[in-house]
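Here the structure is laid out as structure tokens; the discussion comes afterwards.
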Protein chains: 2
Amino acid sequence: MADHVDRVLEQWARERPDLDTSPMGVIGRLGRLSRLIDAELRRTFAAHGLDHASFDVLATMRRSGPPYRLNPAELMRSAMVTSGAITQRLDRLEARGLVARSPSETDGRGVHVTLTEEGRALIDRVLPDHLATEHRVLSGLTDNRQGELAGLLRELLESLGDRGH
Amino acid sequence: MADHVDRVLEQWARERPDLDTSPMGVIGRLGRLSRLIDAELRRTFAAHGLDHASFDVLATMRRSGPPYRLNPAELMRSAMVTSGAITQRLDRLEARGLVARSPSETDGRGVHVTLTEEGRALIDRVLPDHLATEHRVLSGLTDNRQGELAGLLRELLESLGDRGH
DNA sequence: GTTGGATTGCTTAGCGGTGAGGTACTTTTT
DNA sequence: AAAAAGTACCTCACCGCTAAGCAATCCAAC
């Protein structure tokens with residue numbers, strides 16, 4: 001029983017036995033899983049005319065609850081992308097009528113982003129499909145193993161400073 | 001003790017209590033970790049004039065062992081990117097003299113990619129720094145926890161068909 | 001042999017991201 | 001009150017990847 005990363009570690013052990021390559025057992029696998037899963041999720045998004053970036057914004061707005069209004073800065077922190085990326089995401093979504101931008105009343109620099117009725121309808125339509133895909137992707141692990149995994153990932157995230165808010 | 005994804009799950013539980021969003025506990029965290037870790041690794045690569053894509057090719061060639069020769073197709077499978085991406089990676093590396101391309105003697109379609117002496121020297125210079133960074137990134141978990149995590153990630157990868165070779 | 005399907009690597013348009021920088025506004029300092 | 005520092009969002013040049021398509025070659029079945 002060996003996956004791609006096991007082969008990689010074998011190769012390193014042969015070529016550079018002087019180095020401790022064990023961290024690759026975690027980080028290499030995280031990278032590969034991320035790519036594999038993203039490719040899988042992409043198909044579901046595409047089936048609804050979306051991509052990961054657009055889905056991410058719509059989902060973030062939707063789960064914020066009524067009145068479905070956030071700032072670009074909040075979206076930026078949630079998505080962990082730069083401000084330029086958020087501007088462009090919002091440009092695309094606004095052009096499709098899925099979100100609307102309006103100036104903040106209290107801060108002359110600020111902008112309100114609001115989910116339109118169409119945007120809300122779309123994300124609520126995509127969500128069940130998306131969750132079914134995620135469920136399927138993880139179906140190789142029992143619920144218990146999934147829980148263990150989530151716990152370890154949370155530990156690591158917290159150690160890297162990924163606190164909520 | 002709650003990370004960003006815990007907040008997300010709380011929001012979904014409030015807004016869409018009808019949906020089972022538990023898979024996000026794993027997949028959402030995988031995505032965030034991947035972004036955080038990539039950003040961290042990027043700094044080490046940049047300090048040596050590299051990016052993730054270039055490092056990946058050089059490392060794959062290096063660990064393949066003498067004579068440090070692979071095909072674009074093998075690099076493609078290892079990196080999980082499209083053939084166009086590999087072509088472009090090789091263009092960049094070749095322009096810098098870090099790899100060399102030559103036609104295959106046995107297959108008219110094929111190309112040999114070889115690590116140049118400069119390429120080998122560079123990757124051997126970067127590797128210790130890179131591993132130190134990876135080690136530091138994981139230092140929030142004990143060795144045992146890292147091992148558990150690697151095991152769970154391998155289980156998931158195998159269930160998704162990521163066999164070695 | 002010939003034919004038809006794989007396979008190999010390259011090309012290119014388009015997309016989404018970064019990073020540096022800019023403008024406008026707010027907050028803090030003095 | 002004025003100056004300085006910080007914040008919010010946008011702009012734009014550049015970069016790497018995908019996806020679709022192409023030409024060349026291999027190989028397996030007839």
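Below, chain A is the first sequence line, B the second, and so on; all start at residue 1. What you are looking at is a predicted structure, and each value in this text was computed from that prediction instead of being measured.
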Among the nucleotides dT18(C), dT18(D), dT25(D), whichever has the atom closest to the side chain of Gln88(A) is dT18(C)
Minimum-distance nucleotide to Arg35(B) side chain [options: dT18(D), dT18(C), dG16(C)]: dT18(C)
How far apart are the C-alpha atoms of His135(A) and Asp20(B), what are their side-chain angles, what is the distance that settles it, and do they pass the side-chain contact (heavy atoms from CB on, under 4.5 Å) test? CA-CA 9 Å; His135(A) 216 90; Asp20(B) 171 18; 3.5 Å; yes
Side chain of Thr82(A) (C-beta onward), nearest among dA19(D), dT18(C), dG9(C): dT18(C)
Checking all strands, does Ala53(B) fall into the base, sugar-phosphate, or nothing category for heavy-atom contacts under 4.0 angstrom? sugar-phosphate
For the pair made of CZ in Arg43(B) and C1' in dG19(C), what is the distance, rounded to whole Å? 15 Å
Rounding to a whole Å, what distance do you find between Glu94(A):CD and dC10(D):P? 9 Å
Toward the 5' end of DNA chain D, by each residue's nearest nucleotide, Ile86(A) or Val81(B): Ile86(A)
Glu148(B) and Arg145(B) ion-paired at < 4.0 Å: yes
In whole angstroms, how far is the P atom of dC10(C) from the NE2 atom of His112(B)? 13 Å
Could you tell me whether the phosphate oxygens of dC15(D), OP1 or OP2, come under 4.0 Å of any side-chain nitrogen or oxygen in Arg42(B)? no
Atom-pair distance (CG on Asp91(B); C1' on dC17(D)), nearest Å: 14 Å
May I have the distance from Arg96(A) (atom CZ) to dC15(C) (atom P), rounded to whole angstrom? 12 Å
Please evaluate the base of dC10(D) for a donor-acceptor partner in the side chain of Ser83(A) within a cut-off of under 3.5 Å? yes
Distance check needed: dC15(C) P versus Leu93(A) CG, whole Å only. 14 Å
Which residue lies more 5' along DNA chain D, comparing Arg89(B) with Gly108(B) via nearest heavy atoms: Arg89(B)
Quick check for you: among dT11(C), dT11(D), dC26(D), whose closest atom lies nearest to any side-chain atom of Thr87(A)? dT11(D)
Quick check: any donor-acceptor pair below 3.5 Å linking the side-chain of Arg109(A) to the base of dT7(D)? yes
Over how many whole Å does the gap from Leu75(B) atom CG to dC10(C) atom C1' extend? 15 Å
Does the pair Arg32(A)/Asp3(A) count as a salt bridge with the N-to-O cut at 4.0 Å? no
Run the salt-bridge test on Asp91(B) and Arg101(B) with the 4.0 Å N-O cut-off and return the result as yes or no. yes
When you get a sec, tell me which of dC9(D), dC26(D), dT18(C) is the closest nucleotide to the side chain of Ala85(A)? dT18(C)
Grab the CG-C1' distance between Leu90(B) and dT11(C) for me, whole Å please. 15 Å
Residue met sooner reading DNA chain C from 5', once Thr106(A) and Gly84(A) are mapped to nucleotides: Gly84(A)
Return yes if a side-chain donor-acceptor contact under 3.5 Å exists between Ser78(A) and Arg63(A), otherwise no. yes
